[in-house]
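Below is one structure, written out as structure tokens; comments come after it.
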Amino acid sequence: MAEETIFSKIVRREIPSDIVYQDDRVTAFRDINPRARVHILIIPNKLIPSVNEIQEEDEALIGHLFTVAAQVARQENIASDGYRLIFNCGRNGGQEVPHLHMHLLGGEPLKGFGFNC
Ligand code: 5GP
């Protein structure tokens with residue numbers, strides 16, 4: 001059994017965070033150390049440590065993360081200008097918190113990734 005992280009406490013609202021969207025499957029909240037004008041983390045409510053632990057039965061849930069990302073992007077008024085979605089995985093991927101999370105970054109032109117930077 002994987003150890004819970006602070007993200008499970010955020011899902012259960014046991015510690016304060018700026019939640020921008022929540023339903024019975026996922027929670028989206030502002031990153032405490034934003035790397036862009038808009039930086040939101042979208043996570044499954046249940047603990048999946050990383051992309052490595054995603055099971056076939058989770059596929060609908062993972063798809064839902066993307067639907068919610070698009071909805072939150074519209075809510076934040078960054079959808080039409082575009083944004084970036086990132087999953088870090090493991091040590092080499094720079095993952096710090098072992099609870100699967102999608103970074104939604106936008107609100108300004110983003111540098112440092114992609115083939116046109
Ligand atoms: P990772 O490097 O694991 O892909 O990203 C983890 C992210 O979680 C980082 O961007 C970090 O700023 C954010 N983070 C870590 N702890 C907290 C917290 O307690 N609250 C919030 N809102 N974000 C956190």
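Both ligands and their constituent atoms are indexed starting at 1 by order of listing. Along the sequence shown, residues carry numbers from 1.
A salt bridge links Glu4 with Arg12: the distance from a Lys NZ or Arg NE/NH1/NH2 to an Asp or Glu carboxylate oxygen falls below 4.0 Å.
Listed by chain and number, Ile6, Phe7, Ile10, Phe29, Arg30, Asp31, Ile32, Asn33, Arg35, Leu41, Asn88, Gly94, Gln95, Glu96, Val97, His101, His103 each place a non-hydrogen atom less than 4.0 angstrom from ligand 1.
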Run Tyr21 and Val72 through side chain to side chain contact (heavy atoms under 4.5 Å, CB included) and show every step you take.
CA-CA 7 Å; Tyr21 176 90; Val72 171; 3.9 Å; yes

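Annotation for Ile32: hydrophobic cluster partners, listed by chain and number, are none (ILVMFWY side-chain heavy atoms under 4.5 Å, direct or chained).
The closest side-chain heavy-atom distance from Phe7 to Leu41 is below 4.5 Å. Residues Ile78 and Arg37 form a side-chain contact, since some pair of their non-hydrogen atoms from C-beta on lies under 4.5 Å apart.
Of the listed residues (Ile43, Asp31, Ile40), just one forms a side chain to side chain contact (heavy atoms under 4.5 Å, CB included) with His101, and that residue is Ile43.
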